[in-house]
Protein chains: 2
Amino acid sequence: MRKDSRLSRVLHILVHLGAIDRPVTSEKMAEMISTNPVVVRRTMALLREANYVTSTKGHHGGWKLAKPLADITLLDIHNALGEGSIFTIGLTDEHSECVIEQAVNVALKDVMNEAEALMLKRFGQITLNQLGADRIFSYLNDV
Amino acid sequence: MRKDSRLSRVLHILVHLGAIDRPVTSEKMAEMISTNPVVVRRTMALLREANYVTSTKGHHGGWKLAKPLADITLLDIHNALGEGSIFTIGLTDEHSECVIEQAVNVALKDVMNEAEALMLKRFGQITLNQLGADRIFSYLNDV
DNA sequence: ATATATGTAACTACAAAAGTTTCATGATAA
DNA sequence: TTATCATGAAACTTTTGTAGTTACATATAT
């Protein structure tokens, strides 16, 4: 099933943005994640609506962070991208009259809810500035 | 994104199978889950390969459980359906040279692995015979 | 023999992200 | 004020795997 890689891609972009002081164009960002500028704008527009980034047109225009990386969690970005379910597993018609079908769906839903809650909790505990800080730090020491 | 409802559907079918003593045709099962017999066979074939059901052709043929519901967990069925990721969230190219991209992917993967482990653990704790047993019991008392 | 079922191949439909093309709009620089 | 640069947005096509469908071969019980 096709994966939604917008979260991974846009996090990558945001961490780069945090290290650059001037506006970055969607053209440059598209290079970072090997895609098309329009794809970038589409996703970044969702973050702008949620006030995590700003965009300016024209000469020296582009995208900037609206707040420090330390003030943004993975959960914030995940939520800004929309509400779609995080699971590929779907339930059958929930309006079924069949008690067995209802029971199956309740069991699956309970487990999925628990797993999703854990995931969102963890996402909420990670801010973008601490994203792999240890790895990047050790990399800088090597150069 | 399109959901994979095979787990939900096939669990529904299996619990019914546990309550019926004779072989059930894919035609009847298709009615249970409002679909086509071929769709049913396709999914049931995966369970047969994993030895959870048997099928017989011809007159009075159909599908039967190969073992009691009590000996099958949700995890067993989940595994029998294949190995695809349970998450709609995907990571970008994991062979990237970019340290930031790597760090983002590690963070996401860690969280997703933890959530998946919890989910699979729960699936392994639920056998098909106890699937909503309390609900079905209370339903029977009401009739 | 005949009716009944599965087994399987070869399609089409669908949904949502991703990719692409194109052009309007606005901002800066010269 | 004009050329250039950048976003904004519409209108597509592509992609990928489940789901749905049609058709037919094969095996089995009566």
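Note that this is a predicted model, so its numbers are computed, not measured. All chains are named by letter (A, B, ...) in the order of the sequence lines, taking the proteins before the strands, and each is independently numbered beginning at 1.
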Heavy-atom contacts, protein to nucleotides 25-30 of chain D, under 4.0 Å, summarised as B (base), S (sugar-phosphate only) or - (none) per nt, yield -BBBBS
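- For the residue pair A/Arg41/A/Ser26, the side-chain donor-acceptor check at 3.5 Å is satisfied.
- Taking atom NZ of residue A/Lys3 and atom P of nucleotide C/dG19, one finds them 15 Å apart after rounding to whole Å.
- One finds no side-chain N or O of B/Thr25 lying less than 4.0 angstrom from the OP1 or OP2 phosphate oxygen of C/dA5.
- Regarding B/Leu46, its CG atom lies at a distance of 14 Å from the C1' atom of D/dG17, rounded to whole Å.
- With 3.5 Å as the limit, one finds a donor-acceptor pair spanning the side chains of B/Ser55 and B/Arg48.
- At least one donor-acceptor pair closer than 3.5 Å links the side chain of B/Asp76 to the backbone N or O of B/Thr73.
- Within a 6.0 Å sphere centred on CD of B/Gln125, heavy atoms belonging to other residues, nucleotides or ligands number more than 12.
- Scanning residues 35-44 of chain B for heavy-atom distances under 4.0 Å to DNA chain D yields B/Thr35, B/Asn36, B/Val38, B/Val39, B/Arg42.
- A search for side-chain contact (heavy atoms from CB on, under 4.5 Å) contacts involving B/Ile33 returns B/Arg9, B/His12, B/Ile13, B/Thr35, B/Val40, not counting sequence neighbours.
- Atom pair A/Leu81:CG and C/dA17:P shows a separation of 10 Å (rounding to whole Å applied).
- A donor and an acceptor atom, one from each side chain of A/Ser8 and B/Asn105, are located under 3.5 Å apart.
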